[in-house]
Amino acid sequence: MNEIRIDQHLDLKGVPCPLNFVKTKLTLEGMEAGSILEVVLDDGEPIINVTASVKEEGHQILKVEKTSEYWKLIIKKV
Amino acid sequence: MQKKNYTDAELQELRTGGIIKQKQKDYFILRTRIPGGHLKADILKKYSVIAKKYGRDYVHVSTRQGIEIPWIHIKNIPGLLKGFKKLGILRGACGPRSRNLIACPGSSVCRFGFVDTEQLAKKLDRVAFGKDVPKKFKVAISGCLNSCAKPQENDLGFQTQGEPSVDLSKCIGCTLCAKVCEKVCSRGKRESAIIMDENKRPIYRKENCFFEGDCIRVCPVNAWKIKKIGFAVYIGGKVGRFPKFGEKIADFVDGKKIPKIIENTVRCYNRIAEKGERFGEALGRQDLETIKKEIL
């Protein structure tokens, strides 16, 4: 597998909905189009809601990965 | 008699729908309807003008998505009713007639909605509203299984269902679809409709599906898409003193059939119910299979 180059990393462990999405959105707003953000999210509502909301905002989701008890979401800013 | 000063024409206006006597002498509530609850902001302003000028500077927002203007003196009613049409205000119903059709916000804004309930409600108002019936008759449309418009509590309710399908060539194996599905299905006491195979590819088992589209919403790469939209039909729901949920008589009914189903149900209600009886009460004496055939 070819590695994805991560431009920015956001650790949202323990951050509840909808604050986790707000932080993701704000971070994406500060990034260049085409750059890649990696977000770490809790299991349950956070990974489900943030994934759906990021998609609705029009960004491209490259990868969704479970790592032990957390989820990694890799987003390409549109 | 308190009404001796009013003309026949004025009294006739009071007998038709949407004018409700207050407990205070000579004062009435003007009930209006808003099909589906979608109201242009300009028309909303006109309510405000009427409430200020003829009422007591407030309105009551009903649970049936109507606006009621209280404290209207009887002498102002004929004039106000004449002006309603030009203002874009629609009269509501009371007495033995079918009521305002209610709906949720719908797919134009809601992330869960499968259909544009605003357009649907506007179209259906003509067949659903103001029909003569034994007691009252209420129709509701919900754009998804959240049931925000409470179709199960109405005499006739439509609940939109969406059947998903998956394009495995797009799937990235994230397993989120199975995760959201498991959550819904376990609440609904069913086995999951989506399970992952050993290669982390989803397998869809339609027989377990609640058709609410969580998999479509969560899928990060749009591998899950909507395949078919239809309506579950509920009949005989009511609240009041003796509440009961409507009975589901069909799944995935085509949207084009809704006007006919409303007409059939109103006719059926008039046929089977006694005066003053609700549809759900009359249904208790009927064979449901026969009724289904009559309505669908």
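Only heavy atoms go into these numbers, but all of them, side chains included; no hydrogens, no water, no symmetry mates. All figures in this text were calculated on a predicted structure; none of them were measured in a lab. Order of the sequence lines fixes the chain letters, A, B, ..., with proteins taken first and strands second; residue numbering starts at 1 for each chain.
Ring centers of Phe252(B) and Phe211(B): under 6.0 Å apart, within the cut-off.
Most heavy-atom pairs under 4.5 Å with chain A, from the set Asp214(B), Asn222(B), Val221(B): that is Asn222(B).
A cation-pi geometry, defined here as NZ or CZ lying under 6.0 Å from the six-membered ring centre and within 45° of its normal, holds between Arg33(B) and Phe129(B).
For a residue to count as touching a neighbouring chain, one of its non-hydrogen atoms must lie under 4.5 Å from one of that chain's; by this rule Gln60(A) does not touch chain B. Contacts between Leu62(A) and chain B at a heavy-atom distance below 4.5 Å involve the backbone alone (N, CA, C, O).
Panel note: side chain Asn20(A), backbone Leu12(A); no donor-acceptor pair is recorded below 3.5 Å. Under a 3.5 Å cut-off, the side chain of Asp197(B) and the backbone N or O of Asn199(B) do form a donor-acceptor pair.
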